[in-house]
Amino acid sequence: MTLSDVDDFMVWATDVTRFCTWEPYTSREAAIAYLNDVVLPHPWLRAICLDNDRPIGSISVTPVDKIRGEIGYVLGSKYWGKGIATEAVRLVAAEIFKENPEMERLEALVDVDNVGSQKVLEKVGFVREGVMRKFMYLKGNVRDMVMFSFLPSDSLH
């Protein structure tokens, strides 16, 4: 993603914030600051684009420690249910271990109420490991999270 993607970013980054750590962006300046401060310096973040190369979401892998990375993704709500997030997660899971041979585990933490995201991970072949009770403080609430993992030896679906 680049700063020139700010207008597209504001479209999807304001309608899908229920399970995200950020609040909707109410100004272009705030969105530009987020892109500058968080997105551009991120070690592994990619835009999810369709044929027109305009971003409709993003996907990232954030290092947890020397052998683990955490995958996260967000997609504009008008693109939900079309297999786009599933394909993006599948592509990342297929490549991330090649790009980072020291990585032994790709994991995802998903809110227990975010059933759509859980289905995405299961379709790709991630293993549901269990519920982490009262694991995360999000927007004024303590939330249970579901832990998923994918290992280099696992098979993509």
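For this chain, numbers begin at 1 and follow the sequence in order.
- Two residues are said to be in side-chain contact when any heavy atoms from C-beta on lie closer than 4.5 Å; V38 and L45 fail this criterion.
- A side-chain donor-acceptor contact under 3.5 Å links N114 to the backbone of S117.
- Looking at Y73, its side chain never comes within 3.5 Å of a backbone N or O of T86 through a donor-acceptor pair.
- Note: L3 CG to L40 CG = 5.0 Å, rounded to the nearest 0.5 Å.
- Remark: C49 SG to M1 CE distance equals 8.0 Å, nearest 0.5 Å.
- Using a 4.5 Å cut-off on side-chain heavy atoms (C-beta onward), E122 and F148 make contact.
- Exactly one of V61, V89, D154, V64 qualifies for a side chain to side chain contact (heavy atoms under 4.5 Å, CB included) with L106. That residue is V61.
- Here the closest non-hydrogen pair linking V6 and R28 is CG1-NH2, 3.2 Å.
- Taking CZ of F126 as the start and OG of S149 as the end, the distance is 8.0 Å to the nearest 0.5 Å.
- By the rule that hydrophobic residues join a cluster once side-chain heavy atoms approach within less than 4.5 Å of another member, I96 and V120 end up as members of one cluster.
- In the hydrophobic clustering of ILVMFWY residues, with side-chain heavy atoms under 4.5 Å counting as a link, L156 and F97 come out together.
- If you take CD1 on I71 and CG on L121, they are separated by 7.0 Å, rounding to the nearest 0.5 Å.
- Of the listed residues (L138, V112, V131, L109), just one forms a side chain to side chain contact (heavy atoms under 4.5 Å, CB included) with M145, and that residue is L109.
- Annotation: side chain of Y79 is not in contact with side chain of I48 (no heavy-atom distance under 4.5 Å).
- Here the closest non-hydrogen pair linking R90 and K123 is NH2-O, 3.9 Å.
- Using a 4.5 Å heavy-atom threshold, the side chains of M136 and V142 count as separate.
- Judged purely by atom type and a 3.5 angstrom limit, N141 has no side-chain atom pairing as donor or acceptor with the backbone of R143.
- Across V74 and W12, no two heavy atoms sit closer than the pair CG1-CZ3, 3.3 Å.
- Annotation: the span from S58 atom OG to R46 atom CZ amounts to 11.5 Å, rounded to 0.5 Å.
- To the nearest 0.5 Å, atom CZ of residue R68 and atom CE of residue M103 are 10.5 Å apart.
- In terms of hydrophobic clustering, with Ile, Leu, Val, Met, Phe, Trp and Tyr side chains grouped at heavy-atom distances under 4.5 Å, V127 and V110 are assigned to different clusters.
- Side-chain heavy atoms closer than 4.5 Å link hydrophobic residues (I, L, V, M, F, W, Y) into clusters, and following such links, even through other members, never connects W80 to L91.
- Salt bridge annotation for K66-E102: absent, with no cationic side-chain nitrogen under 4.0 angstrom from a carboxylate oxygen.
- Remark: side-chain polar atoms of E104 are not paired, donor with acceptor, to backbone N or O of P152 under 3.5 angstrom.
- Here the closest non-hydrogen pair linking F150 and S155 is CE1-O, 3.8 Å.
- The shortest distance between side-chain heavy atoms of T62 and H42 falls below 4.5 Å.
- When all heavy atoms of V124 and A93 are compared, the closest pair comes out as CG1-CB, 4.5 Å.
- A salt bridge links K98 with E95; the closest basic N to acidic carboxylate O contact falls under 4.0 Å.
- Pairing each heavy atom of V92 with each of W44, the nearest pair is CG2-CH2, 3.6 Å.
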